[in-house]
Amino acid sequence: MKLIFLGPPGAGKGTLAAKAVEICKVPHISTGNIFRSAIAAGSPLGLKVKAILDSGKLVDDETTIGLVKERLAQADVEKGYILDGFPRTIPQAEALAEFSAVEKVLNFDIPDSGVLERLGGRRVCRKCGHNFHMIFDKPSKEGVCDHCGGEVYTRDDDRPEAVQKRLEVYRAQTAPLIDFYRKKGLLVDVDARPRVDEVTENFKKVLGL
Ligand code: AMP
């Protein structure tokens, strides 16, 4: 199953993706996680994108498309994938269509108030990328990932200034993808407001699973 998870920052795409991986048995590919790992590793890509991520702006299309194209050429995505955070611009979506046939685009719908509530409490594992929330889903031991023992931290771009920027960027550059994929008949809306278990059930329903 070749799926795209579309929606504003904080819609819960990454959290649901962790569940969806178990359900669909395909890898979760998050461009944000790839960039954050590169930054943590201090690689040339990480050095190039760090300031961009911190500011809440988008990495350039050429770099991002190249990265995803390379990732989708690997053997583990033969049966499908969950693309989370890509595409984020129309040129990225057009490029993707040239190297992979997406089957469905799930549009996670949530108002700004929900985004702010989620991002305000979000914590992320530096090692495996797992998302926690300080109210809804706390790690058992503060600051330590339940899944891999990695450090759980607050993303720099979850600071209020960066969140505003990311929402602006989402509206200007990513939201046009909703129409783009609706016109292609690929878009399915998912109400992202409920807690993750309910969203997971909705996800299964819309995919007929
Ligand atoms: P995310 O974890 O999906 O919220 O992504 C975090 C940050 O990584 C974004 O704010 C961008 O700076 C960068 N990023 C992730 N995916 C993309 C993309 N498809 N195109 C450009 N920049 C991206």
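Because the structure is predicted, anything quoted here is derived from the model rather than measured. First listed ligand is number 1; within each ligand, the first listed atom is number 1. Count residues from 1 along the sequence.
- Residue Val59 places at least one N or O, backbone or side chain, under 3.5 Å from an N or O of ligand 1.
- Taking a cut-off of under 4.0 Å to the non-hydrogen atoms of Asp157, the atoms of ligand 1 that pass are 6 (C).
- The protein heavy atom nearest to atom 12 (O) of ligand 1 is Lys57 O, 2.6 Å.
- Between Asn33 and ligand 1, a contact under 3.5 Å exists for no N or O pair.
- Under a cutoff of 6.0 Å and an axis angle of 45°, Lys184 and Phe180 form a cation-pi pair.
- Compare Lys165, Arg88, Arg166 by their heavy atoms: the one nearest to atom 1 (P) of ligand 1 is in Arg88.
- Residue Thr31 approaches ligand 1 through these ligand atoms, each under 4.0 Å from one of its heavy atoms: 15 (C), 16 (N), 17 (C), 19 (N).
- Between Arg193 and Asp191, at least one side-chain N (NZ, or NE/NH1/NH2) sits under 4.0 Å from a carboxylate O, which counts as a salt bridge.
- Within 6.0 Å of atom CD in Glu142, 12 or fewer heavy atoms from other residues, nucleotides or ligands are found, so the atom counts as exposed in its surroundings.
- Ligand 1 has a nitrogen or oxygen under 3.5 angstrom from a nitrogen or oxygen of Gly85.
- Residue Arg155 touches ligand 1 through its side chain alone, judged by heavy-atom distances below 4.0 Å.
- Applying the side-chain hydrogen bond (donor to acceptor under 3.5 Å, both in side chains) test to every pair with at least one member in residues 6-19, sequence neighbours left out, gives no pairs at all.
- Judged by distance alone, the side chain of Arg166 and the main-chain N or O of Asp157 form a donor-acceptor pair under 3.5 Å.
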Would you list the atom pairs, donor with acceptor, under 3.5 Å between side chains in residues 78-87 and any protein atom, with sequence neighbours excluded?
unit_1 : atom_1 : unit_2 : atom_2 : d
Tyr81  : OH     : Ser100 : OG     : 2.6
Asp84  : OD2    : His28  : NE2    : 2.8

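- Using a 4.0 Å cut-off between charged side-chain N and carboxylate O, Glu168 and Lys165 make a salt bridge.
- Neither the backbone nor the side chain of Thr89 has any atom closer than 4.0 Å to an atom of ligand 1 (non-hydrogen atoms only).
- If you check which protein heavy atom lies closest to atom 23 (C) of ligand 1, you get Phe35 CE1, 3.7 Å.
- The shortest heavy-atom contact between Leu119 and Gly10 is CD2-CA, 3.4 Å.
- Listed here is the closest heavy atom pair of Pro8 and Val115: CG-CG2, 4.1 Å.
- The distance criterion of under 3.5 Å between nitrogen or oxygen atoms is met by Arg36 with respect to ligand 1.
- Residue Gln92 approaches ligand 1 through these ligand atoms, each under 4.0 Å from one of its heavy atoms: 18 (C), 19 (N), 20 (N), 21 (C).
- For the pair Arg88 and Thr174, the tightest heavy-atom approach, listed with the atom from each and the gap, is O-OG1, 2.7 Å.
- When non-hydrogen atoms are compared, ligand 1 lies under 4.0 Å from the side chain of Thr64 (C-beta onward) but not from its backbone.
- Of all protein heavy atoms, the one lying nearest to atom 7 (C) of ligand 1 is Leu53 CG, 3.6 Å.
- Put simply, no part of Lys13 is less than 4.0 Å from ligand 1, judged by heavy atoms.
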